[in-house]
Amino acid sequence: MKRKSLFALSAVVVVAAAALVPVLWSGGDNLHNGSAMAATPADQAALIKKGEYLARAGDCIACHTVRGGKQFAGGLPMATPFGTMFTPNITPDDQYGIGKWTQDDFYRAMHTGRSKDGSLLYPGFPFTSYTKVTRADSDAIYAYLRSVTPVNVPSRPHELKFPFNQRNMLIGWRTLFFREGEYKADPTKSVEWNRGAYLIEGLGHCGMCHTSINAMGGPVSSAAFAGGLIPLQNWYAPSLTSNKEAGLGDWETKDIADLLKTGVSNRGAVFGPMAEVVHNSLQYMSDEDINAMATYLKTIPQKSEAPEPLQLETSEKFGGELLKQGQKIYADNCAKCHATNGLGMPQAFPPLANNQSIQMPSAVNPIRMVLNGGYPPSTEANPHPYGMPPFAQALSNTEVAAVVTYIRMSWGNHGTAVSPQQVSDLRSAPLD
């Protein structure tokens, strides 16, 4: 899912922030909708705790904290075809952060995608999903953000090319791609299903990675959850609607829940951006909410075919040569962990045989794994995950293409051969 909000093609995170909590904060902003709101210290502590949980569910820390930096101080760069954007400081600092925002300001940003001064926010901030968040949950997140340590660091201005630095141009984008409104429960579904839908479609904003985007950076509505390339990170978010990819129609609900909560399950493990989502966000969610999300995901309508992503192809003859070469490379480098029959040793080493992520049309993710390696997330239930070593220095482009071709076409897998050119392109791509 990543659900990380920096992944939209036109991503610019301009997050609205929270304001003074009524009664417990002094000053002239201690009002909400024009009237004072009484709250005991215990009530306020509970509200902040709830807001922290919901901020985890929304993975706010992922975009607003630079690795090794101060929490929520912003500054994360996002390189896009339209220029580079930088996430803002959303700590409660009065000068550079969100200390002057009110609860109403914060809800307006979440719900309508408008800043405190009424200006339009760029859709990298996932207001198209956050509009579904209830006012009560918005106020709780606001209370939590108001409780974190202020950081007196200015937000770095975005470096966007003309005309993309003209916010008024967003009016057309919003007309095409934004529909404002809180989540409405489906009365024909269970309470658990509706809770899962609220989290997946709203705070979780899973569709931002798992739904293809068009040239305007807008979601393709007919391809909801059908997967797509995450352009800022050069990973492929697999389709959740097709069993040729990561479709969940034939998964057990428990396997989905295990993958979300711990990063590993009997069906496989998560790596790359999704590992960060599990590490920063999903592992902290309650079992009830994880099960609700799994219940909802299990019911996403399945389609017989996944969208065909752009995939560099090889000739049949050259593909056969790669397959033969890849068999020896696999035996020398991979069989010890993943077994000669490709069945691996779940949950330590995931199976490669009959693994949708290996044989789906896009070969981006297995190529990235062979080149760069990686670990599933470290979680409470799996604190010391087994990892995959990088082979970028040990194997040439042709050798990487050969071993990926072998695992995509062996043990009954129905993948296609991989081009060394695609390996070369991904070798030079940024790791993050």
Side-chain angles (χ1 to χ4, degrees), residues 1-8 11 13-18 47 50-64 90 103 106-114 121-145 174 177-211 213 218-219 221 224-225 237 240-241 248 256-257 260-261 274 277-278 280-282 284-286 288-301:
M1 275 164 283
K2 217 127 136 349
R3 204 166 73 43
K4 259 182 166 186
S5 61
L6 57 88
F7 296 144
V13 179
V14 185
V15 168
L47 184 65
K50 176 184 177 181
E52 180 178 16
Y53 178 85
L54 293 169
R56 283 285 192 185
D59 204 8
C60 304
I61 196 171
C63 286
H64 294 281
I90 59 168
Q103 286 179 316
F106 183 59
Y107 179 71
R108 177 171 58 182
M110 294 277 282
H111 190 65
T112 72
R114 289 183 176 272
L121 302 182
Y122 286 89
F125 172 59
F127 62 84
T128 56
S129 298
Y130 287 171
T131 188
K132 297 178 183 293
V133 174
T134 66
R135 179 62 193 252
D137 282 353
S138 174
D139 287 351
I141 297 170
Y142 142 82
Y144 167 64
L145 290 176
R174 291 165 62 95
F177 304 117
F178 178 48
R179 297 295 179 269
E180 180 182 316
E182 291 186 8
Y183 176 77
K184 301 298 183 185
D186 184 341
T188 69
K189 303 292 186 180
S190 68
V191 171
E192 182 180 48
W193 185 95
N194 276 292
R195 175 63 175 174
Y198 174 72
L199 292 169
I200 294 290
E201 296 180 7
L203 275 175
H205 56 284
C206 303
M208 285 196 73
C209 286
H210 289 279
T211 299
I213 54 178
S221 59
F225 297 109
L240 304 181
T241 65
L248 305 173
I256 302 174
L260 295 176
K261 182 76 171 180
M274 188 60 191
V277 172
V278 174
N280 291 328
S281 174
L282 295 176
Y284 297 98
M285 300 186 70
S286 68
E288 290 78 11
D289 277 347
I290 288 292
N291 288 332
M293 294 171 73
T295 296
Y296 172 74
L297 288 171
K298 174 73 175 173
T299 66
I300 290 177

Item to check | Minimum heavy-atom distance between Y284 and Y53, given as atom pair plus value | outcome: O-CE1, 3.6 Å

Next on the checklist: Would you call the rings of Y107 and H111 parallel, tilted or perpendicular, taking 30° and 60° as the class edges?
Outcome noted: parallel

Item to check | Intermediate values then yes/no, side-chain contact (heavy atoms from CB on, under 4.5 Å), L282 and M293 | outcome: CA-CA 10 Å; L282 295 176; M293 294 171 73; 3.9 Å; yes

Checklist outcome for this item: When every non-hydrogen atom of T295 is compared with those of W193, the smallest separation belongs to O-CD1, 4.2 Å

Item to check | Interatomic distance, T128 atom OG1 to L121 atom CG [nearest 0.5 angstrom] | outcome: 11.5 Å

Item to check | Separation between CD1 of I90 and NE2 of H64, rounded to the nearest 0.5 Å | outcome: 4.5 Å

Next on the checklist: side-chain contact (heavy atoms from CB on, under 4.5 Å), that's the test. Do F106 and L145 meet it? Break it down for me.
Outcome noted: CA-CA 11 Å; F106 183 59; L145 290 176; 4.2 Å; yes

Checklist entry - OH/Y296 to OG/S190 distance, rounded to the nearest 0.5 angstrom? => result 12.5 Å

Checklist entry - Would you find a donor on one side and an acceptor on the other, under 3.5 Å apart, between the side chain of T131 and the backbone of F127? => result no

Next on the checklist: Tell me if a side-chain donor or acceptor on S281 pairs with a main-chain N or O of V278 at a distance below 3.5 Å.
Outcome noted: no

Checklist entry - What closest approach, in Å, do A185 and N194 show between heavy atoms, and which atom pair accounts for it? => result CA-OD1, 3.3 Å

Next on the checklist: Using the rule given for side-chain contact (heavy atoms from CB on, under 4.5 Å), can you reason through M285 versus L199, listing the C-alpha separation, both sets of side-chain angles and the distance that settles it, and then say yes or no?
Outcome noted: CA-CA 11 Å; M285 300 186 70; L199 292 169; 3.9 Å; yes

Checklist entry - Does the side chain of D289 come within less than 4.5 Å of N291's, by heavy atoms? => result no

Next on the checklist: With a 3.5 Å distance limit and no angle check, can you tell me whether Y130 reaches the backbone of A109 through a side-chain donor-acceptor pair?
Outcome noted: no

Item to check | Exam field: side chain R56 to backbone N280, donor-acceptor pair closer than 3.5 Å | outcome: yes

Next on the checklist: Applying the side chain to side chain contact (heavy atoms under 4.5 Å, CB included) criterion to K132, which one of H205, E201, K184 satisfies it?
Outcome noted: E201

Next on the checklist: Can you tell me how far apart CG (L54) and OH (Y144) are? Round to the nearest 0.5 Å.
Outcome noted: 11.5 Å

Checklist entry - For the side chain of R174 and the backbone of G113, is there at least one donor-acceptor N/O pair under 3.5 Å apart? => result yes

Checklist outcome for this item: On a heavy-atom basis, the closest approach of I141 and A55 is CG1-N, 4.3 Å

Checklist entry - What closest approach, in Å, do R135 and E182 show between heavy atoms, and which atom pair accounts for it? => result N-OE2, 3.3 Å

Item to check | Taking every non-hydrogen atom, the tightest pair across V133 and D137 | outcome: CG1-CB, 3.7 Å

Next on the checklist: How long is the straight-line distance from CG of D139 back to OG1 of T134, given to the nearest 0.5 Å?
Outcome noted: 8.5 Å

Checklist entry - So how far is it from I200 CD1 to S129 OG, rounded to the nearest 0.5 Å? => result 10.5 Å

